[in-house]
Protein chains: 2
Amino acid sequence: MTETMGRRERKKAATRKALADAALRLFLEHGYDNVGIKDVAEAADVSTTTLFKHFPSKEALVFDPDADVEAALVAAVRDRPAGTSAAAALREHILRRKFVEPGRATADFTRLVDGHQALRDYAHRMWMRHETALARAIAEDAGRPEDDPACAALAHFALETSALARGSADPREAVERAFDLLENGWDATLAAAPPAAPPAVPPSG
Amino acid sequence: MTETMGRRERKKAATRKALADAALRLFLEHGYDNVGIKDVAEAADVSTTTLFKHFPSKEALVFDPDADVEAALVAAVRDRPAGTSAAAALREHILRRKFVEPGRATADFTRLVDGHQALRDYAHRMWMRHETALARAIAEDAGRPEDDPACAALAHFALETSALARGSADPREAVERAFDLLENGWDATLAAAPPAAPPAVPPSG
DNA sequence: TACAAAAGTGCAACGAGTCAACTTTTCAAT
DNA sequence: ATTGAAAAGTTGACTCGTTGCACTTTTGTA
C-alpha cells in the first residue's frame with residue numbers, strides 16, 4: 001500500500017521534516033545564533049551526523065528547495081500575454097511574487113532571514129541559481145543563441161532586483177524603477193537586433 | 001624623526017604586512033584550504049589571536065582594503081568627458097579596470113581568488129560596498145535626490161556586471177552587452193525626467 | 001532467507017573564530 | 001627620567017559548525 005514511495009523514503013522524508021520543523025521553531029523562538037546544531041538535532045531526536053546527512057549546512061535548515069520557483073520564472077517569460085516584452089513579464093512576475101503572494105513567508109520568517117547575513121546570502125544564492133535557466137528562456141524567446149550575453153544580462157539583473165529591494169527604504173519602488181531601466185534597455189536591445197520577424201523586403205533576393 | 005606615524009603604528013603595519021604576505025605566499029604555494037590560520041600565524045611569527053586582531057577572517061588575509069577604488073568609481077562619473085552619460089562613463093571605467101589595467105592582480109592571484117567560493121564572495125562583497133557611494137554620485141550628477149531608486153539601480157547593476165563577467169565564456173563581451181542594456185535604459189530614464197536643463201519653453205508661463 | 005544498500009549512530013577530530021587574563025611595548029605628561 | 005595609561009601581543013582554553021570513520025539497524029530485493 002505504498003502510494004508512491006516506499007517505507008524507507010517516507011521515513012527519510014519524515015526525519016527531514018522533523019529537522020526542518022524543529023530548526024525553524026527553535027530559531028524563531030530563541031534566535032538563529034542562540035541555537036546550535038546540537039539543539040536542533042536533539043529536538044528532532046537524531047544525531048548531528050544524521051542532521052548533516054539531510055542538510056548540508058545550518059542555513060539550509062531554514063529553506064526548503066522550492067522546485068517550482070524556477071519553472072514559474074521560465075513560464076512567466078514563455079507564457080506571457082502577447083504584445084508585452086520579456087522584461088515587462090519579469091517585472092510583473094517578480095512584483096507579484098514579492099509583494100502580492102507572500103508565499104509561505106510569514107513576518108517572523110522574513111524577519112529571521114534578513115536579520116542574519118548568512119541566511120540572507122544563502123537565500124540570495126538559491127534565488128540566483130535560476131539565472132541560467134532564465135537566461136535560456138529569454139534567449140529562446142528572443143530567437144537568440146542560448147548563451148547570448150544580452151539575455152544573460154537581463155536575467156541576471158532581473159533576479160538581482162531582489163537584492164536591490166532589500167536595503168531600500170521603499171522596496172517596491174526600488175524594484176519598479178530598476179525594471180524601468182531594464183525594460184527600456186531591453187526594448188532598445190531588441191530594436192537594434194530584432195527577433196525573427198518576417199522582413200518587409202526579402203533578404204539578398 | 002617619525003615621518004608621519006609613530007613607532008607603534010609602524011610596527012603594527014609591519015606585522016599586518018607580514019601576515020598578509022605570509023598568507024598570500026602560503027596560499028599560492030599550497031592552496032587555500034591546505035593552509036590553516038595557524039600556519040599563516042606561525043609563518044608571520046605571531047599567535048593566531050594576534051592574526052585575528054589584524055584581519056577579521058581568513059578570507060580577509062587575501063585582500064587589502066583598497067581605499068581609492070571607491071574614489072575612482074565616483075570620479076569616473078563626476079569627471080567624465082562632456083557629452084557622455086554616466087552609464088557610458090561607468091562602462092569605460094569598469095572595462096579599463098578589469099581588462100586593461102590588471103592592477104596588482106597577477107594570474108596566480110586571480111586563479112587563487114576565483115578558484116574558491118569563499119574568496120569570490122568576499123571579493124564581490126567588498127566590491128559591492130561601493131554601491132551607495134556610487135549611487136549618490138550618479139544621483140548628484142543627474143540632479144536627483146541622493147536616494148533616487150533609478151540611480152541606485154544603475155549603480156547596483158553597473159557593479160554587478162563584474163559578477164556577470166565571471167562565469168561567462170567571454171567576460172569582456174558579457175560586460176559590454178550588459179552595459180548596452182544599462183546605457184540604453186539609462187538614456188530613456190533621463191529622457192523621461194531630464195536633469196535641470198533650461199527648458200526651451202518656460203514652464204507654465 | 002540471505003544479501004546489499006541505505007539510514008542512522010557515536011565518537012573523535014579539525015579548523016575558524018572568540019574570550020579572558022596577562023605581559024610587553026610605546027606614547028605622552030609630568 | 002618616571003610614571004601611568006593605552007595599545008599590541010601572548011597564551012590557552014573554549015565554542016561551534018562540519019567531517020570522517022567504524023559500526024549497527026532497517027529496508028528493499030534477489
Side-chain angles (χ1 to χ4, degrees), chain A residues 1-24 26-27 30-63 112 116-123 125, chain B residues 1-24 26-27 29-63 112 116-122 125:
Chain A
M1 285 306 157
T2 62
E3 289 284 326
T4 53
M5 21 164 71
R7 190 182 353 255
R8 186 124 94 195
E9 306 178 47
R10 247 181 301 127
K11 283 206 172 185
K12 180 168 185 175
T15 13
R16 187 191 164 85
K17 183 159 168 23
L19 281 165
D21 289 353
L24 194 54
L26 290 175
F27 290 161
H30 306 108
Y32 182 68
D33 24 39
N34 295 324
V35 176
I37 286 291
K38 295 178 159 184
D39 304 323
V40 176
E42 226 169 277
D45 202 42
V46 296
S47 65
T48 75
T49 332
T50 300
L51 186 152
F52 279 108
K53 289 227 175 91
H54 286 269
F55 297 90
S57 68
K58 187 182 182 186
E59 299 98 51
L61 283 162
V62 175
F63 307 96
L112 169 68
H116 292 269
Q117 181 86 349
L119 293 178
R120 266 181 281 146
D121 288 0
Y122 193 91
R125 193 168 302 164
Chain B
M1 286 309 156
T2 60
E3 290 284 325
T4 54
M5 21 163 71
R7 197 187 338 263
R8 186 124 94 194
E9 306 178 45
R10 248 182 300 128
K11 283 207 174 184
K12 180 167 182 174
T15 17
R16 187 192 164 85
K17 181 159 168 25
L19 282 164
D21 289 353
L24 195 54
L26 290 175
F27 289 161
E29 213 164 302
H30 306 108
Y32 182 68
D33 23 40
N34 297 325
V35 176
I37 285 292
K38 297 178 157 186
D39 304 323
V40 177
E42 226 169 278
D45 202 42
V46 295
S47 66
T48 75
T49 28
T50 299
L51 186 152
F52 280 111
K53 290 226 176 92
H54 287 270
F55 298 91
S57 67
K58 186 181 181 186
E59 300 97 51
L61 283 162
V62 175
F63 307 97
L112 170 66
H116 290 269
Q117 182 85 349
L119 292 178
R120 266 181 282 147
D121 288 1
Y122 194 90
R125 194 169 300 163

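Labels below follow one simple rule: chain letters A, B, ... track the order of the sequence lines, proteins then strands, and each chain is numbered from 1.
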Asp39(A) side-chain N/O to Gly36(A) backbone N/O, donor-acceptor pair under 3.5 Å: yes
Quick one: does Lys58(B)'s side chain have a donor or acceptor within less than 3.5 Å of a partner on Asp33(B)'s backbone? no
What integer distance in Å separates Phe55(B):CZ from dG9(D):P? 11 Å
Can you list everything that forms a side-chain hydrogen bond (donor to acceptor under 3.5 Å, both in side chains) with Thr48(A)? Sequence neighbours excluded, please. none
Give the rounded distance in Å between these two atoms: CG of Leu61(B) and C1' of dG15(C). 14 Å
Can you tell me how far the OG atom of Ser57(A) sits from the CD1 atom of Ile37(A), to the nearest 0.5 Å? 8.0 Å
Using a cutoff of under 3.5 Å, can you pull out all pairs of nitrogen or oxygen atoms linking the protein to nucleotides 22-24 of chain D, with atom names and distances?
none

How long is the straight-line distance from OG1 of Thr50(B) back to CG of Leu19(B), given to the nearest 0.5 Å? 8.0 Å
Is the distance from OP1 or OP2 of dA7(C) to the nearest side-chain N or O of His54(A) less than 4.0 Å? no
Between Thr49(A) and Gly36(A), just flag the one whose closest nucleotide in DNA chain D comes earlier from the 5' side. Gly36(A)
Report which part of the nucleic acid Thr48(B) touches: base, sugar-phosphate, or nothing (heavy-atom distance under 4.0 Å, all strands). nothing
Under the rule for salt bridge (charged side-chain N to carboxylate O under 4.0 Å, His left out), what residues qualify as partners of Asp21(B), not counting sequence neighbours? Lys17(B)
NZ of Lys12(A) versus P of dT9(C): gap in Å, rounded? 13 Å
